[in-house]
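This report concerns only the one structure given below.
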Amino acid sequence: MARQGRSIFALTVPTFLWLTVAVVLPITVMFYFSFLSASPFGTKPASLTLDNYATFFTKDFYSFLAWRSIKLGLLVAALCALIGFPAALVLSHRLSGYWREALLLLVILPFWSNALIRIFAWTMVLREQGLVDQAVHAVLPWAPSVGILYSYPAIVIGLVHSFLPYMILTCYISLQAIDPSLVDAARGLGARDHTILRRIILPLSFPGLAVGAILTFVPVVGAFMEPRILGGRQGITMGTVIEDQFTEVFNWPLGAALSFILLGIVLAILALCYPLLRARFRLG
Amino acid sequence: MSTVEIRGVSKRYGSVAALDDVSLEFADGEFFGLLGPSGSGKTTLLRSIAGFVEPDRGSIHVGGEEIARVPIYRRDIGMVFQNYALFPHMSVSDNIAFGLSVRGIGREEIRARVEDALKLVRLEGYGERRPRQLSGGQQQRVALARAVVSRPRVLLLDEPLGALDKNLRQQMQIELKQIQRLVGITTVLVTHDQEEALTLSDRIAVFNQGRVIQAGTPGEIYDSPRSAFVADFMGEANFFIGRVARRQGDEMQIVLDDGAAVMASGPSRLAENAAVRLVVRPEKMSISASEASIPPHHANRLAATVEQVVFMGSSITYRLNCAGAEVSVYQQNQDPPRAAEGGAVWISWRATDTIPVDD
Ligand SMILES: Nc1ncnc2c1ncn2[C@@H]1O[C@H](COP(=O)(O)OP(=O)(O)OP(=O)(O)O)[C@@H](O)[C@H]1O
Ligand SMILES: [Mg+2]
């Protein structure tokens, strides 16, 4: 017993150390910063204060931004689900063998490319005289310019592209796990495709859809690269404002406080969804 | 009318002929057993009837109607899958109600019919449970209730009892038969348990390598197998090889390879001097300690030595050596054992119990 306890201890210590160094320490430090009246390492002496948190609640600008970021997160998660679920369905239930593997690889491929390069590639595609614009004009020469770079849709396109693989993979995994004889059984009982989708496949793959939505929603709410590069003046989000506090304005305490508020909002939303998720996950 | 007519159905998967020119007819209300070794095409035939498999050739008629162009959801055929395929996210009631609700039947009627179906399979009070919370036998009954509740024209059962232990299996066999009689539905049962097929079926078809080897009533299949394969597959069989020495009407004398003569009686296509393989069922043979005590109506008698005596409870199995061939004999456990291991005995049987078969 004692020996087993020791070996478990020995096995888990590296993990805990790593978590402490990589996650707990920085977050604790940031949490501390968020209560300072001035940037650390600065010339002004810093004291403890709640002002940074108060700023969020006194200036409408910040709550407006937070709401905008949440809406962006919901929109991107919804679009990812709308595109990703059917894609995963085709991958798991319509294709097999070579084609399935090839397409899965294509889905995962964006993971292996640098995010920055991916986003800049989108600027080439979306700007005026960009690929989309040229393609449209090749067919319809008289059409007005359709460059949508530096707009809200451009941000959404970039984000959906970045996070779609998560959605496809989580949906694919839970769709794969559905016993094909359930689909046969439903069909034999008289159900048609849309009924099978609604009453068998969707409920049984809901966990994948939910995990995919969370994996998309959470990072999108705090995203700053896509809004900044693809959004131009439209690209002000909670994420970019926080980034500015660290890189441009050097107001680390405010940046840290806003981060924690955003984290709190996201956790609150997930907590609200938790009872629903738990009920659906249990059916497994 | 829910007769099923299968005419010349073939299905290939690559180089494998899963079904090879299969023709069968299931009468209205009949309980038909499909029996055969693994990979012989039983499931493929069932799935062809249900519509999950599209045959390469041949036609299937249900109630006189060709169903090749009828989509699965309108075929009106109930199926119980080997693994039951119950919907894990629905309650037992919702599972049973599924087929009714997709047909747009009213809520009240669904409730009443689900209630009836639960009663039929003796699961009243289990409606709110999830399939996971049921035992194997109970899940099997839910699958059966789900398949029959919409009163399909044909019920297809793919090894429905395969996952159950022996006792539960026998109990479920009885229930299955009762339910089928009650509902009166044309039923096709796939199994590779020959006892199950014999117990449940009105008629049986024995499959091998995608072909129907023989079809008939359980009695015909068991007592008059036409081939060595069927004889061997349906229970234990003793084989003898010989040559037809003499024929007179239905009476035949066969000389075995070791020179012993055996009588067979019954219709046969064999000509004199033809090579023949004979089957004798172990329970049709008797063992006698001396030639004098052989039952007088037993026309066939061979000397043998006992190699092994196996006590089986209700019966005793003797394994004997008869001129180099291995022979099994079953005797009811009524009399004291007639021979001990190593003893010299006589085995005997009636001429009508000698079955000539094709190779
Ligand atoms: N979808 C398929 N793809 C390729 N081959 C198949 C497919 N379905 C069946 N087969 C082949 O067809 C043959 C018959 O299969 P089938 O499932 O009908 O056998 P079975 O009699 O039901 O066997 P078992 O008793 O093991 O269930 C087998 O050789 C099998 O490998
Ligand atoms: Mg099978």
Side-chain angles (χ1 to χ4, degrees), chain A residues 81 85 88-90 92-100 170-213 273-284, chain B residues 43 46-53 70-91 94-105 110 117 129-133 139 142-160:
Chain A
F85 186 83
L89 194 61
V90 169
S92 62
H93 284 233
R94 286 273 179 272
L95 299 174
S96 57
Y98 177 80
W99 279 106
R100 179 192 283 183
T170 56
C171 288
Y172 176 77
I173 289 167
S174 62
L175 284 167
Q176 264 305 90
I178 297 178
D179 179 356
S181 68
L182 294 182
V183 175
D184 282 349
R187 184 158 289 137
L189 287 166
R192 307 176 62 164
D193 283 343
H194 57 91
T195 313
I196 293 173
L197 182 66
R198 186 170 52 84
R199 294 192 54 186
I200 309 292
I201 293 180
L202 264 177
L204 286 176
S205 60
F206 181 80
L209 211 51
V211 169
C273 299
Y274 182 69
L276 176 92
L277 290 179
R278 200 183 47 175
R280 300 306 288 270
F281 269 97
R282 224 175 336 174
L283 53 88
Chain B
T43 298
L46 225 54
R47 294 176 65 84
S48 304
I49 300 171
F52 302 124
V53 166
V70 181
I72 297 172
Y73 59 84
R74 280 211 271 109
R75 287 199 183 189
D76 206 9
I77 286 171
M79 180 147 178
V80 173
F81 293 77
Q82 183 161 12
N83 63 355
Y84 312 142
L86 297 176
F87 306 129
H89 57 299
M90 296 182 194
S91 69
D94 289 346
N95 262 280
I96 297 174
F98 186 87
L100 301 173
S101 68
V102 299
R103 283 180 173 78
I105 289 169
I110 290 182
R129 297 231 197 154
R130 286 283 163 87
R132 228 186 6 191
Q133 299 167 311
Q139 290 182 25
V142 175
L144 189 61
R146 185 179 69 177
V148 298
V149 73
S150 48
R151 297 175 198 142
R153 297 187 289 175
V154 181
L155 179 61
L156 306 175
L157 309 167
D158 194 355
E159 302 195 31

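None of the values given here were measured: they were computed from a predicted structure. Excluded from the calculations below are hydrogen atoms, water molecules and symmetry mates; all remaining heavy atoms, backbone and side chain alike, are included. So that the names make sense, note that chain A is the first sequence line, chain B the second, and so on, each numbered from 1.
Under the 4.5 Å side-chain criterion, counting only non-hydrogen atoms from C-beta, A/R199 is in contact with B/M90. With a 4.5 Å cut-off on side-chain heavy atoms, A/L89 and A/L197 count as touching. Contact annotation: the side chain of B/L156 never approaches that of B/V80 to less than 4.5 Å [non-hydrogen atoms, C-beta and beyond]. Side-chain contact between A/L209 and A/F85 is present, with heavy atoms from C-beta onward closer than 4.5 Å.
A/T195 touches chain B through its side chain: at least one heavy atom from C-beta onward sits under 4.5 Å away, while N, CA, C and O do not. The contact between B/F87 and chain A is made by backbone and side chain atoms together, counting heavy-atom distances below 4.5 Å. For a residue to count as touching a neighbouring chain, one of its non-hydrogen atoms must lie under 4.5 Å from one of that chain's; by this rule B/R47 touches chain A with the side chain only. In this structure, the portion of B/I77 lying under 4.5 Å from any heavy atom of chain A is its backbone and not its side chain. With a 4.5 angstrom heavy-atom cutoff, A/D184 touches chain B via backbone and side-chain atoms both. For B/D76, no part lies under 4.5 angstrom from a heavy atom of chain A.
A donor-acceptor contact shorter than 3.5 Å is absent between the side chain of A/R192 and the backbone of A/R187. Of the possible polar contacts, none joining the A/H93 side chain to the A/P180 backbone as a donor-acceptor pair under 3.5 Å is found.
Expressed to the nearest 0.5 Å, how far OG of A/S181 lies from OH of B/Y84 amounts to 12.5 Å. Distance CD1/B/I49 to CZ/B/R75: 9.5 Å, rounded to 0.5 Å. Rounded to the nearest 0.5 Å, atoms CE (B/M79) and CG (A/L189) are 11.0 Å apart.
By a heavy-atom distance cut of under 4.5 Å, B/F98, B/G99, B/S101, B/V102, B/R103 are the residues of residues 98-105 of chain B near chain A, going up by number.
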